[in-house]
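First the structure, in the form of structure tokens, and then the observations on it.
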Amino acid sequence: MSRSRLGGRRPSPRLRLSLCASGGAMAVAAALGGGAQPPEAAAEAGSVAGEVANASGTRLREAPHAASAVLAAAPEGERLRVLCAAEGERHSRWYLVRGDDYAWVPATDVEVVGVRGAERC
């Protein structure tokens, strides 16, 4: 996560935990794949394409919760890589996405493109 997007603030414990889990998954995937590809490529290999479908765009958030800090915004039609899906507040579904940085978006704002959906985080 870029410090410029966070205004110099440290990521929340929730975000650090989700990034640590993602980092661990990337390390395992790289190790199982023979180490031929970098960890970033291993994580992206399991991603699916998503497109912002909300007419007013969506906010990219620090955690899967509507009250979490907004890191950036994505306009309608912007393509994002959906890495996984998780349950947020009040049983809402959220996607961990990769655009310029890692962020969370409500699943209602993003249409997953392709046959299979996003796997659980």
Side-chain angles (χ1 to χ4, degrees):
M1 178 119 336
S2 97
R3 287 200 163 259
S4 62
R5 295 268 178 146
L6 295 174
R9 295 177 298 172
R10 289 180 51 122
S12 72
R14 256 191 228 157
L15 179 61
R16 286 194 309 262
L17 176 61
S18 54
L19 290 176
C20 285
S22 296
M26 289 188 292
V28 169
L32 292 175
Q37 55 186 184
E40 296 84 13
E44 301 304 323
S47 68
V48 294
E51 187 173 304
V52 177
N54 188 336
S56 58
T58 191
R59 292 184 175 105
L60 303 167
R61 296 190 177 272
E62 186 175 273
H65 190 283
S68 68
V70 175
L71 303 174
E76 180 183 20
E78 182 167 327
R79 293 183 59 87
L80 303 166
R81 286 178 291 218
V82 177
L83 303 176
C84 61
E87 187 176 305
E89 63 180 329
R90 297 185 183 139
H91 306 289
S92 59
R93 186 172 170 91
W94 290 73
Y95 292 140
L96 177 61
V97 299
R98 171 80 189 217
D100 291 336
D101 292 310
Y102 291 96
W104 291 94
V105 297
T108 55
D109 290 353
V110 176
E111 182 180 327
V112 174
V113 180
V115 196
R116 65 185 183 102
E119 295 180 18
R120 291 188 60 81
C121 295

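As the structure is a computational prediction, the values presented were derived from the model and not from experiment.
Atom CD of Glu76 is separated from atom CG of Asn54 by 7.5 Å, given to the nearest 0.5 angstrom. Interatomic distance, Tyr102 OH to Leu60 CG, rounded to the nearest 0.5 Å: 14.0 Å. Here the straight-line distance linking atom CH2 of Trp94 with atom CD of Glu89 works out to 6.0 Å at 0.5 Å rounding. Going from atom CD of Glu51 over to atom CD of Glu111 covers 6.5 Å, rounded to the nearest 0.5 Å.
Formation of a donor-acceptor pair under 3.5 Å by the Arg98 side chain with backbone atoms of Arg81 is not found in this model.
Counting all heavy atoms, side chain and backbone alike, Val52 lies closest to Pro75 at CB-O, 3.4 Å. Nearest heavy-atom pair across Thr58 and Pro106 is OG1-CD, 3.7 Å. Closest heavy-atom contact between Arg61 and Val70: NH1-CG2, 3.2 Å. Taking both residues in full, the closest heavy atoms of Leu71 and Ala103 are given as CD1-CB, 4.1 Å, listed atom of the first, atom of the second, then distance. Pairing each heavy atom of Cys121 with each of Ala86, the nearest pair is SG-CB, 4.1 Å.
Side-chain atoms of Tyr95 and Val112, non-hydrogen and from C-beta on, do get closer than 4.5 Å to each other.
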